[in-house]
Asker: 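Attaching a single structure in structure tokens format; questions to follow.
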Amino acid sequence: MPRTRRDNSTARYVVNILLVVVVVAAAVGGGILIAHSRHKSSSTTPPTLGPSGKIAFSNLQAKLGLTTGVQMWNESASKQDTEIAGIADAGARWLRTALLWRDVEPQSADHDDWSNADHIVSDAQKNHVQLIFNIGQAPKWSGASEEGEYGDDPQQYADFCAKVAARYAGRVRVYELGNEPNLTSEVTHPDPAAYATMLQDTYPAMKKADPNAFVLTAGLAGGRHHKGNLTGLDFLTGVYAHGGKGFFDGIAYHPYTYPLLPTQDVNGGGTSGGTRSWSQMLKVRALMVQHGDSAKPIWVTEFGAPTNGPGGVSQTEQSQIMQNGFDLWKTYSWGGVISWFDYQDKGTDTSTHKDWFGIINDAGDHKPSWSTYSSIAHA
């Protein structure tokens, strides 16, 4: 039966009230606040997006992640299924894993293969784990001399990241732009100015594709000035100096301290003198505050300790480093997600420490750190 004019007016009023209630409830209850304007920005001026995207957490458990590096990307679909289910079973709320540009667009930007990324996204959703996609490793056609670089034209990387953000809008929220660009193991010549230019191109492109995308810088290694490497602090100083401010929602960092506990590093204990990566991260935090970015968080996208190989620690010590780091992290009001590296050992080669960072071994057996992680995650 047709409504009268009064009925329509009343209905519109009720609907408007309900919409306001829903929006407020989503913002407060969901812990996710986003503001975005429609203004188009130039490549050298931070986009006018209002307050940076913010993801709020109720407790430490909501911040716990596990990271797999490129390991998961290179696995079979069935192995990915098993691994993501195991990560969820351990209690992780977040999974930081690679999305390799070179494999999605191996020949050109006109031919994309999203099958691997789609499978990982579907698996994560099925297991109620949120993804942090680490977008990196440029294809050869882009002109990059190393896979960790961004190609001859940073706009190419920006275009690809925009494709990723558009494709997974509503399913993936967080993206990390590269990995340890301050180290020569990732790029030929660490270059904060070039990285700042890449951010200026990529951040607006991703926000246009998905206004809710939460964009992290590449995870910075602590590092030291040696053979062309830069410390994470000096690299970020250079990024700020070359106009990077305003083109990220948070800083990603890798505060390894092994064989020391993080508190030993912070307090200057052992032989470190407070110079290891956790202490350097606190200096990075001070730099952010100095540049007016105190409202933006640091996310730890790698933190761990190997249980074998050169420089390795015992399995008990690995568990102690984890517990100590997580306990310290929950005291930081500016701390975002903290992701333990790694979920599973990559192999059994004792000549390298790189095979031994997992909380389960190569055969799938739990180390003591698995129980530590799970007990914290399920507390």
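If you're wondering where the values come from, they're calculated on a predicted model, not measured in any experiment.
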Asker: Check whether more than 12 heavy atoms from other residues, nucleotides or ligands sit under 6.0 Å from atom NZ of K354, and answer yes or no.
Answerer: no
Asker: Under 6.0 Å from the ring centre and within 45 degrees of the ring axis: does the NZ or CZ of K296 meet both conditions for the six-membered ring of F248?
Answerer: yes
Asker: Count the heavy atoms of every other residue, nucleotide or ligand shown that sit under 6.0 Å from CD of Q125, and state whether that count exceeds 12.
Answerer: yes
Asker: Name all residues meeting the side chain to side chain donor-acceptor pair (under 3.5 Å) criterion together with D103; count only those two or more places apart in sequence or in a different chain, and write none if there are none.
Answerer: W73
Asker: Whether the H254 and E180 side chains hold a donor-acceptor pair (N or O, under 3.5 Å, no angle test) is what I'd like checked.
Answerer: yes
Asker: Mind checking whether L95 and L100 sit in one hydrophobic cluster, side chains of I, L, V, M, F, W, Y counted as touching below 4.5 Å?
Answerer: yes
Asker: Report the C-alpha separation of K346 and D362 in whole Å, then their side-chain angles, then the decisive distance to 0.1 Å, and conclude whether the salt bridge (Lys or Arg N to Asp or Glu O under 4.0 Å) test is met.
Answerer: CA-CA 6 Å; K346 292 180 171 61; D362 183 62; over 6 Å; no
Asker: Does the ring pair (Phe, Tyr, Trp, His ring centres under 6.0 Å) test come out yes or no for W340 and F303, once each step is laid out?
Answerer: CA-CA 5 Å; W340 181 264; F303 167 61; 5.2 Å; yes
Asker: Parallel under 30°, tilted from 30 to 60°, perpendicular over 60°: which one fits the rings of F160 and W101?
Answerer: parallel
Asker: Please determine, by modelled atom types, if Y343 and E83 share a side-chain donor-acceptor pair under 3.5 angstrom.
Answerer: no
Asker: With a cut-off of 3.5 Å and sequence neighbours excluded, list every side-chain donor-acceptor pair involving residues 331-338.
Answerer:
unit_1	atom_1	unit_2	atom_2	d
T331	OG1	L328	O	2.6
Y332	OH	W278	NE1	3.1

Asker: For D265 and S279, which I'm curious about, is there any donor-acceptor pair between the side chains at under 3.5 Å?
Answerer: yes
Asker: Testing the 3.5 Å rule here: is there a donor-acceptor pair between the side chains of H111 and S108?
Answerer: yes
Asker: For side chain to side chain contact (heavy atoms under 4.5 Å, CB included), just list the numbers for I135 and E176, CA-CA rounded to whole Å, side-chain angles, deciding distance to a tenth of an Å, and then say yes or no.
Answerer: CA-CA 6 Å; I135 308 175; E176 181 184 3; over 6 Å; no
Asker: So with a 6.0 Å cut-off around NE2 of H378, is the heavy-atom count from everything else above 12?
Answerer: yes
